[in-house]
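Some notes on the structure that comes next.
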Amino acid sequence: MPENVVTRFAPSPTGYLHIGGARTALFNWLLARKTGGKFILRIEDTDLKRNTPTATQQVINDLRWLGINWDEGPEIDGPNGPYFQSRRREIYDKYAKQLLDQGRAYYCFETSQELEKLRKQAEAQKKGFVYQRPAVLPTEADVEKAKSEGKPVTVRFAMPDGTIVVNDLVRGAVSFNTAELGDFIIIKSDGFPTYNFACVVDDALMGVTHVIRGQEHLMNTPCQQALWQALGFGELPKYAHMSVTISESGGKLSKRERPQVLRKAIEARPDIYLEKLADVGKINKEQFKGFLAGENVPDVPAVEAMAKYLGVELPEINVIDFFKSGYIPEAMVNFIALLGWSTGEKKEIMPLDELIASFDITRLTKSNSLFDRGKLIAFNTEHIRMLPREKLLAHLKAYLKAVGSPVAQADDQLLLRLIKICEGARTLADIEHKCRFLFVADDHIEYDPKAIQKVLMKDNGLAMLKKVRDNLAAMQEFTEQEIEDMLRSLANQHNVGLGKVAQPLRVAITGSTVSPPIFDSVQLLGREQTLKRIDNTVRKFS
RNA sequence: GGCCCCAUCGUCUAGGCAGGCCUAGGACACCGGGUUUUCAACCCGGCAACAGGGGUUCGAAUCCCCUUGGGGCUACCA
């Protein structure tokens, strides 16, 4: 690619960055990094109703966590600012006026209700709705009149007649008949530009050369191309419409999925008090009703609180959900990159720099891909193994802090040791779950009833545990090696496998049958606490 | 309903544009076995696909058409 590549990611600040957005950002970023070009972050906040005040910061945090940095955008000034569309109003106005003056755009005064009616009529006739351009375009005087009558004033682009061909980098030539596209609104009645308009103006002004985005934008592209040309912006950017990521439950992976899962869970539980639930979510009755009806989606914290109360596992959709589930960014990025793209080589697991090196925009896949969590876990496992320890440590610390784990008390030295003894962990959550026992009080161990049944109540488990206790108490040193030697010889003495000796001990100190290797676990817990926990266990289950 | 996109193992995909090198390759999942102090990890082996129908051609997973299926868009949302 000879020219200077400029790509951008242009999210609308409606909440956390979700997987689909992350993928779009990633491919644009990958192309820029691969070609030595520039990657711009632009915030498309032209819809006052949808924007959330904290969303931009959330998106920024999520991108940074993934390791996707931008050359220009929020917090990184550059020559093309401002990077918030809400602060670029005069620019859009100027171009809208240009089109108006040239007769390539015109004013309209219909209300949403009126348009909705027309749309219904079209549907009833089994036709697509196309706005009918008036024979005589309204004048400025008409605008004044409409305003005084309290009518909404919007501006529509006068779509030229003919066929528009989109030369898509992944789909080839796709043609559209402009008669079916119709005149679309470019300036809303609140004075803000619509997406198609703002996007074109900004892409042109910011010198964007390549637009990689989801297939859901394919239908917008002829509109944007027509606008681009009417505005006299010259050479079009190259478009690449990626396949869409499909959720395991069906359609396009969407933020709405989490609320939906919750809603279903609520419907499946007629026994629970809805008022109590609304309380848990800290939302009022109206909001809660709306939510159940499938409309008003309450905030993320409300959804999470209610899900937690019901014990429902929500599918991870947002980047932050994966972070909270113990995934590491290196794995996420690697996995996401392979959704709708492939290197053509057999190797799939690779660090970021290799991803950049092998990125090739022409190798994007045409067909939609399903988000397969099983494969993500496999990638995460491999990346946890591969990543330099220092980096893994940083991820672990951030994770522990975010989920409020008691393991967060551990210092770096200890954490590194825990990482080491949890070799083969699939997620950071695995490490946390396995090592948690070290950080809870001796009398707060939660015993898994199944574990008690299986290893303590059977095969003289309790009796063996007592013997282990005596031997532990009698040891000179208390190193992993000594502990191992002792347990092995004990097993030998009784002519049983090590498991018969180790499992009762494991249950006694952790309450469960799962822990890091037993020798490390005991040594880390220390003799005093180990003995205490054994005593507690013996007393409790004798 | 209208417009548009897509179609290889359960899933992600290689191969398709330059048709024979494909008895269709890899990865994940799954199944079986091994290793083992638990879980996980690890090692070995196995199962498994060109949606269907017409063409074109000596020859089609690869090119064309139709059907079916999936997906997207259809807003004064992006």
Side-chain angles (χ1 to χ4, degrees), chain A residues 10-14 44-47 49-50 85 108 110-112 115-116 119 122-130 152-156 166 168 170-172 174-177 180-181 184-196 198-199 214-220 222 241 243-244 246 248 250-252 335 338-349 365-379 381-382 385 422-426 430 433-434 451 455 484 487-488 491 497-503 505-507 510 512-519 521:
Chain A
S12 67
T14 54
E44 310 221 324
D45 54 348
T46 55
D47 185 355
K49 291 185 287 292
R50 293 207 329 162
Q85 290 187 328
C108 303
E110 287 87 0
T111 62
S112 307
L115 290 169
E116 189 53 37
R119 213 167 275 128
E123 178 135 6
Q125 293 170 53
K126 301 195 174 194
K127 281 196 292 197
F129 169 69
V130 178
V153 178
T154 58
V155 179
R156 272 180 200 268
V166 174
D168 191 85
V170 350
R171 277 154 223 285
V174 183
S175 33
F176 299 86
N177 184 189
E180 276 157 0
L181 265 16
F184 54 94
I185 290 180
I186 58 174
I187 299 287
K188 300 186 262 187
S189 59
D190 63 5
F192 276 86
T194 57
Y195 163 70
N196 274 331
C199 179
Q215 188 208 300
E216 64 266 25
H217 287 291
L218 190 51
M219 297 296 269
N220 289 140
H241 288 93
S243 55
V244 170
I246 303 293
E248 274 153 329
K252 187 172 71 160
F335 178 71
L338 261 31
L339 244 34
W341 176 73
S342 83
T343 60
E345 313 272 304
K346 307 228 156 159
K347 192 176 171 192
E348 291 192 329
I349 305 271
T365 293
K366 287 181 186 164
S367 47
N368 294 344
S369 46
L370 193 133
F371 191 88
D372 177 5
R373 287 181 165 72
K375 190 156 182 170
L376 205 213
I377 289 178
F379 272 53
T381 308
E382 196 51 42
R385 194 195 317 286
C422 288
E423 196 193 34
R426 298 151 68 97
D430 282 355
H433 295 333
K434 269 190 182 177
V455 318
E484 173 163 3
L487 291 175
R488 284 194 194 281
L498 185 53
K500 289 279 179 283
V501 179
Q503 282 303 77
L505 175 56
R506 195 187 309 274
V507 172
T510 70
S512 90
T513 55
V514 177
S515 86
I518 191 67
F519 320 122
S521 299

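For clarity, every value in this text was computed on a predicted model and none was experimentally measured.
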Taking the C1' atom in each of B:rG54 and B:rC43, what is the distance between them to the nearest angstrom?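 Rounded to whole Å, the distance is 49 Å.
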Measuring only the P atom in each nucleotide, how far is B:rG16 from B:rC58? A whole number of Å is fine.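 After rounding to an integer number of Å, I get 23 Å for this pair.
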With both distances under 3.5 angstrom, what nucleotide forms a Watson-Crick or G-U wobble pair with B:rG16?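 Base partner found: none.
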Using Watson-Crick or G-U wobble geometry with both distances under 3.5 Å, which nucleotide pairs with B:rC28?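 Matched B:rC28 with B:rG10 under the 3.5 Å cut-off.
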Can you give the donor-acceptor pairs under 3.5 Å from side chains of residues 184-193 of chain A to other protein atoms, not counting sequence neighbours?
residue: A:Lys188; atom: NZ; partner: A:Thr46; partner atom: O; Å: 2.9
residue: A:Asp190; atom: OD1; partner: A:Phe192; partner atom: N; Å: 2.9

Under 4.0 angstrom, heavy atoms only, what part of the nucleic acid is [X] near: base, sugar-phosphate, or nothing?
| X | value |
| --- | --- |
| A:Thr154 | base |
| A:Pro152 | base |
| A:Gln125 | nothing |
| A:Leu339 | sugar-phosphate |
| A:Ser342 | sugar-phosphate |
| A:Thr111 | base |

Is there side-chain contact between [X] and [Y], with at least one heavy-atom pair below 4.5 Å?
| X | Y | result |
| --- | --- | --- |
| A:Ile518 | A:Leu498 | no |
| A:Ser521 | A:Pro516 | yes |
| A:His433 | A:Val514 | no |
| A:Arg171 | A:Leu218 | yes |
| A:Asp47 | A:Ser12 | no |

Is there a donor and acceptor pair, one atom on the side chain of A:Ser189 and one on the base of B:rC76, closer than 3.5 Å?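 Answer is yes: a donor-acceptor pair is held.
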One character per nucleotide, please: for nucleotides 34-48 of chain B, 5' to 3', B when the base has a protein heavy atom closer than 4.0 Å, S when only the sugar-phosphate does, - otherwise. ---BBBBSS------
Shorter than 3.5 Å, N or O on both sides, protein versus nucleotides 64-74 of chain B: list them out with atom names.
residue: B:rG71; atom: O2'; partner: A:Asn368; partner atom: ND2; Å: 2.7
residue: B:rG71; atom: N2; partner: A:Gln215; partner atom: NE2; Å: 3.1
residue: B:rG72; atom: OP1; partner: A:Lys252; partner atom: N; Å: 2.9
residue: B:rC73; atom: OP1; partner: A:Lys252; partner atom: NZ; Å: 3.0

Pick the closest RNA chain B nucleotide for A:Arg171 and for A:Glu110 by heavy atoms, then say which residue is nearer the 5' end.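 Closer to the 5' end of RNA chain B: A:Arg171.
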Comparing A:Glu44 and A:Ser175 on RNA chain B - which has the more 5′ nearest nucleotide: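 Of the two residues, A:Ser175 wins.
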Can you name the residues that form a ring pair (Phe, Tyr, Trp, His ring centres under 6.0 Å) with A:Phe371, not counting sequence neighbours?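 Ring pair (Phe, Tyr, Trp, His ring centres under 6.0 Å) list for A:Phe371, sorted by chain: A:Phe322, A:Phe335.
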Around atom CD of A:Glu116, are there more than 12 heavy atoms of other residues, nucleotides or ligands at under 6.0 Å?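 Enclosed.
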Look at atom NZ of A:Lys500 and say whether more than 12 heavy atoms of other residues, nucleotides or ligands are closer to it than 6.0 Å.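 Open.
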Produce the list of close N/O pairs, under 3.5 Å, pairing protein atoms with atoms of nucleotides 16-22 of chain B; give distances to one decimal.
none

Output yes when A:Glu110 and A:Arg156 qualify as a salt bridge under the 4.0 Å nitrogen-oxygen rule, no when they do not.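 Salt bridge flag = no for A:Arg156 with A:Glu110.
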N/O to N/O distances under 3.5 Å, protein versus nucleotides 25-27 of chain B:
residue: B:rG25; atom: O2'; partner: A:Lys346; partner atom: NZ; Å: 2.5
residue: B:rG26; atom: N2; partner: A:Glu348; partner atom: OE2; Å: 2.9
residue: B:rA27; atom: O2'; partner: A:Glu348; partner atom: OE1; Å: 2.6
residue: B:rA27; atom: N3; partner: A:Lys375; partner atom: NZ; Å: 3.0

With a 3.5 Å cut-off and no angle check, do the side chains of A:Arg50 and A:Thr14 form a donor-acceptor pair?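 No pair is found: no donor N or O on one side chain lies under 3.5 Å from an acceptor on the other.
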